[in-house]
Student: 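Below is the structure I would like to discuss, written out as structure tokens.
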Amino acid sequence: MLAYVRRTTLKLSDELDARLRYEAQRRGVTIAEVTREALEAHLGGPTRRLGAAAAGRSGRDDVSERIEEILATEFPTPSPR
């Protein structure tokens with residue numbers, strides 16, 4: 001939660017209000033949270049960091065060149081029956 005918040009009122013069209021409510025419900029967050037994130041994305045400011053960013057980093061620099069080989073190893077084609 002934010003340490004200090006200020007309440008503000010927005011006037012939205014019915015269509016925008018419905019989209020905002022749908023997005024909040026879809027993500028399981030409050031309307032205020034979706035609104036804050038949208039404003040921060042548009043105006044800049046603090047953003048939420050993804051804790052899992054770079055979690056899958058392999059340390060290899062040839063992954064993009066070897067992607068077909070890697071995928072074939074990880075997900076072999078099933079043999080026909």
Side-chain angles (χ1 to χ4, degrees):
M1 186 68 182
L2 302 173
Y4 173 78
V5 294
R6 180 177 298 246
R7 181 180 302 264
T8 193
T9 302
L10 299 172
K11 293 183 179 184
L12 305 174
S13 67
D14 289 342
E15 190 256 337
L16 185 55
D17 180 66
R19 289 170 44 202
L20 178 61
R21 290 174 186 280
Y22 174 81
E23 181 64 15
Q25 183 178 14
R26 184 186 72 79
R27 292 171 40 189
V29 298
T30 64
I31 292 170
E33 187 170 348
V34 174
T35 304
R36 278 191 299 271
E37 288 177 5
L39 287 169
E40 286 175 349
H42 184 74
L43 300 174
T47 57
R48 214 187 307 181
R49 300 268 182 215
L50 296 175
R57 188 173 299 276
S58 69
R60 299 188 62 137
D61 60 1
D62 63 344
V63 173
S64 64
E65 297 165 5
R66 296 181 50 240
I67 191 64
E68 295 298 325
E69 173 190 341
I70 294 167
L71 290 173
T73 302
E74 294 295 320
F75 304 101
T77 306
S79 53
R81 293 182 176 205

Student: Taking ILVMFWY side chains as joined if any heavy atoms are under 4.5 angstrom apart, and letting links pass through other members, which residues group with I67?
Tutor: L71, F75
Student: When rounded to the nearest 0.5 angstrom, what is the spacing between CG in L39 and CG in L10?
Tutor: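 Going from the CG atom of L39 to the CG atom of L10 covers 7.0 Å.
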Student: Scan residues 10-20 for pairs that pass salt bridge (charged side-chain N to carboxylate O under 4.0 Å, His left out), counting only residues two or more places apart or in two chains.
Tutor: E15-R19, D17-R21
Student: Let me check something: do Y22 and L20 share a hydrophobic cluster, defined by ILVMFWY side-chain heavy atoms less than 4.5 Å apart, either directly or through other members?
Tutor: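 Hydrophobic grouping puts Y22 apart from L20.
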Student: What is the distance from atom OG1 of T35 to atom CG of L12, rounded to the nearest 0.5 Å?
Tutor: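 That separation rounds to 7.5 Å.
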Student: Which atom names give the shortest non-hydrogen contact between A24 and V34, and what distance separates them?
Tutor: CA-CG2, 3.7 Å
Student: Test salt bridge (Lys or Arg N to Asp or Glu O under 4.0 Å) on E23 and R26; report intermediate values, then the result.
Tutor: CA-CA 5 Å; E23 181 64 15; R26 184 186 72 79; 2.7 Å; yes
Student: Can you tell me how far the NE2 atom of H42 sits from the CD atom of E37, to the nearest 0.5 Å?
Tutor: 15.5 Å
Student: Would you compute the distance between atom CD of E69 and atom CG of D62 and round it to the nearest 0.5 angstrom?
Tutor: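 If we round to the nearest 0.5 Å, E69:CD and D62:CG are 8.5 Å apart.
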